[in-house]
K.L.:
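Let me begin by handing over the structure; questions about it come next.
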Amino acid sequence: MASMLMNSVRNCSLKSPRAVQFGKSFTFPACGTKSKKTLSKTGVKNIVLVDGVRTPFLQSGTTYADLMPHDLARTALQGLLNRTGIPKDAVDYIIYGTVIQEVKTSNVAREAALGAGFSDRIPAHTVTMACISSNQAMTTAVGMIAAGQCDAVVAGGVEFMSDVPIRHSRKMRKTMLSLNKAKTLGARLALLGSIRPAHLAPELPAVAEFSTEETMGHSADRLAAAFGVSRREQDEYALRSHSLAKRAQDEGLLSDVVGFKVPGKDIVSKDNGIRPSSMEQMAKLKPAFVKPHGTVTAANSSYLTDGASAVLIMSEEKALALGYKPKAYLRDFVYVSQDPKDQLLLGPSYATPKVLERSGLKLADIDVFEFHEAFAGQILSNLKAMDSDWFAKTYMGRTSKVGSPPLDKFNLWGGSLSLGHPFGATGCRLVTTVAHRLKKEGGQYGLVAACAAGGQGHAMVIEAYPQ
Amino acid sequence: KMVTRAVAALSRFTIRARCILFAARSHVNCEIKGDVAVIRISDPNSKVNTLSLQMQKEMTEVMDEVWGNSAIKCVVMISSKPGCFIAGADINMIQACKSTEEVTRLSQEGQKIFEKIEKSPKPIVAAINGSCLGGGLEFAIACQYRVATKSKTTVLGTPEVMLGLLPGAGGTQRLPKMIGLPNAFDMMLTGRNIRADKAKKMGLVHQLVDTLGPGLKSPEERTIEYLEEVAIDCARGIVNKKLALTKEMNMMQKIQDHVMSYSFVQNRIYSTVEKKVLKQTKGLYPAPMKIIECVKAGMEQGPDAGYLAESQNFGKLAMTPESKALVGLYHGQVACKKNRFGVPEKEVKTLAILGAGLIGAGIAQVTVEKSINTILKDITEEALNQGQHQVYKGLNDKTKKKSITSFERDSILSNLTGQLDYSGFEKADMVIEAVFEDLAIKHKVLKEVEAVIPPNCVFASNTAALAIKDIAAASKRPEKVVGMHYFSPVDKMQLLEIITTDKTSKDTTASAVALGLKQGKVVIVVGDGPGFYTTRCLAPMLAEAVRVLQEGVDPKKLDSLTTGFGFPVGAATLADKLGIDVAAHMAENLGKAFGSRFGGGNLELLKTMVAKGFKGRKSGKGFYVYQSGLKDINPELKEIVESYNMMPTPAVSSDSDVQYRLISRFVNEAVLCLQEGILTNPVEGDIGAVFGLGFPPFLGGPFRFVDNFGADKLVEKMKTFEEVFGNQFTPCQLLLDHAKDPSRKFHRLIH
């Protein structure tokens, strides 16, 4: 599936210029009156994002192909050290999120931290929660600081899809493990003799739910159909994502990216999956999952990506004491979960109203939205779900809809569809982007939301640090 | 095997009979979307669509309009009922016919309509969601293209054979051409339901559509809409020649098709299938042979002969007593899927089961499958372990057959708690005990349980023979005590016999019935008494079987006589399955209760067998020896039988006599149960005998057998036997009454 997805992405013609012009001007209205002046709460520590960086996100199988996951994580950590200038022993704890684990570096946080030159006295652990793994890393850090256990924590995420653990079949593994225990030559030969050609078939990891055995793309196609999202709408949205990402890249807005000198290869300093195509080109693609009448294609899905990200999170006092000017406050967050079969990718719809309620904000108070784009069909389905009173009442037990985020505030610097989606690393990118956009656009509140495998979801409210 | 499967499968299809005539179009509606006519079917008077007269009339009208409208280029045929495309022909429509010719005409009219559909110049796409059975399937395969949802409720099949009929609207002609002879025979002769994914593989449908989850409308509604959208695209694709109507075949299929085109290969198939059918049906079921005949006629003599054979044979079959009996069973089964005691005050959310043996674990399996918290308690870890393993294995077998995923299996298993103590019983809504059949033990557990359960908790006893009132005698609250007699293996046997005492409250009964129905059982409710209904009917037949053995008939012969009469399992094999010790125990208890009427065979024969360790299947030896899947007559049996040897009386010992000796004792006892009020009605009597004891389904149960065979003829036979054997063959009063007055029938007459 992966290779097929990649091929069709590569086959997209890149020659045609941007076919769709975005009429919306990119000037931003000054913040109107907000429901709340600040989200600071008495008795609750202010926790800040000092800064965030990431490696360039590359399509898997390209320049990073010969690395290992911790190499990417290490690069992100080194980038953070350089960017913030924080002493290598001033951090209390390091947490990383990742999804597909390299078995040799199962606690990739620790390996990367050691490799990046952090003091070996800093403990590190790795978390996993599918596409919101680095969100989980960040909120774990927030929790540790809020509990008074730490003052400065590095959180990050990494995903490396150029190499994934492909295993021997269970039967083969069992034979090999028994081989270790076999004492006599005869016993060993008997075991070897029991190997059949079928045992040699490898087991490949799939982007599929364990519980339902459904691939995520298939679920996304069904979701789009359930919400009546057309192929054209999806292609238009994907084109928007790529066009906005291209523009952000060209205008140098993606300042969280740090260059990476890949051993034996060139310096990589840009994401390489941004490819604005044309509606005509995209329309030529065949559906990738539901055949022949599906609507999700390689061009309107996020692609397999290698990349890592890292953020430095501190209590406000600590940041100020160290002389930092923080970028943003990390405020309320929620995790939600739903039916992994039919509501696999609806996390943002559930998480958004919940986190707004917790913050005491309305949708209109939010100046910057950054949603994880797993599939164009998934984003558009979520927008429709959030705009439906019927859905809010029937499935979320709410009295009315939360409303759909206005597109002129939504993922304006591209998203996972165009920038790429290294599963474990995307969360930090979203948070850093919100901080950067708030600053650039002069907004006060930002909202991050994401869906994840397992039918889970996450949202976080971010407040700009006063200028 | 086919017969039992046929009967088992009866429960899975539904043909509702309704026939209300309206002047305006109420069943079929046509919306024109550009160049596509979307024809939506929905019977306003029923949960399912059937091809009733009204439906056919409206369909013909609408199709004529469609064909006459030049703006319409193609057609989508869809049902607007969730869970049902068309569930089949209207049974009542067939039952209302008085002659073979009348039914044949019905069939020919159906054939004509579908022929027009098949030859439609405008492509018709059948969009299938839910059951597409019988006439519904014949309709769908007459269309040019079929799209089906992957929903679990989407099943395609030709269940006519289970009603003693055949697919009478072109099915026997179109199916073999569409999916090949072997698959077509498999479908038509077993009546099995084919799930959507299998149907696609077989070439029965062209495209599959996913079911959808929550969106801006309910999942069911939106799934149907989506199906319609895809079907419209397909219809336009056919018109624009973008979609090929011929199925893509791989090399294997091409070779297969080629091989099948030789007539000697076909003949080989016919003879193999005929042999198999004869072996399984013993020639007692006419429908399967007729199906083969129709297919053969079409393949060898062309469509005209094929369609003619189909309609004529359909007419003939509809008038056979076999078909009427099977239709009667179908109606009876529908009746036994309803709770005539109303909705219980409290739904069972937690069930506790005492005893993790075969039955206890079986009950646990069918309960956890319905997401009910289930406590399985035993007294030893070993027994508990075995019980829990049985539940796991039952579910895991389903995983292997891919009817559930391994994840669903685990999730279902999470409803099961295995334990050795009474913890958690304070939350139980019902307790079913399945401990050893001994009154003292039953009393002991009843007292233990009553000490820990909440006041509104029902106590149900799973017993095959002990009187419920005797068990309830130890209870502080006899109104909460009821009998629930499950049949082994619980996950396969459909029947549940519920026993009420005169103290059992209506709500307790309602609660037991509701649980049984939820477990997927066909439920009969009978009065209390030794052996209740089912065991009481079985015991005299087994006593007679023992006598037959004593007369020198060997177990194999006995088995062939009983299966030859239509029982799915022979009497000797049945006793082995039941357990010789259980049979002896049962015979002794009932013998005490009913006296010499339950005599005949010598009980000591069974007891000697038990003493020698020949306890039947479970011990590896009984009437047969079971070794590595094979069974052979137990060589040591001869010696035992010889010591109880009886001289047969030649006048009542022919094969046929032996068969009627066995069956008449069964039937007489059943009628006596109705006479004594153990049974409330003959319908439950027939259902209990067929689904619990394997009474020949084509006879429709003991009561329909009396109706069809003639009570007078039966009484006459019994009197001959009575002269030789005595009161075991004395016909009961109710049977005598029926014999005297031929107009008296247990079942309402159907033409």
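Predicted model, so just to flag it, every value in this text is computed and none were measured.
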K.L.:
Just give me the residue among B/T223, B/D233, B/D410, B/T211 that pairs up with chain A most often, heavy atom to heavy atom, under 4.5 Å.
P.N.:
B/T211

K.L.:
Taking B/K122 for its side chain and B/V66 for its backbone only, find out whether a donor-acceptor pair lies under 3.5 Å.
P.N.:
yes

K.L.:
Taking 4.0 angstrom as the limit, do A/R231 and A/D235 come out as a salt bridge?
P.N.:
yes

K.L.:
Have a look at B/C143 and tell me which of B/V125, B/I117, B/I128 forms a side chain to side chain contact (heavy atoms under 4.5 Å, CB included) with it.
P.N.:
B/I117

K.L.:
Can you tell which part of B/E408 gets under 4.5 Å to a heavy atom of chain A, answering side chain, backbone, both or neither?
P.N.:
neither

K.L.:
Please identify which of these residues, A/R173, A/R170, A/K171, meets the salt bridge (Lys or Arg N to Asp or Glu O under 4.0 Å) condition with A/E203.
P.N.:
A/R173

K.L.:
Parallel, tilted or perpendicular: which describes the rings of B/F85 and B/F139, with under 30° parallel and over 60° perpendicular?
P.N.:
tilted

K.L.:
Could you have a look at A/H293, A/Q343, A/K384 and say which one has the most heavy-atom pairs with chain B under 4.5 angstrom?
P.N.:
A/H293

K.L.:
Checking heavy atoms, do the side chain of A/Y395, its backbone, both or neither come under 4.5 Å from chain B?
P.N.:
side chain

K.L.:
If you tally heavy-atom pairs under 4.5 Å against chain B, which of A/P292, A/G294, A/S388, A/A385 wins?
P.N.:
A/P292

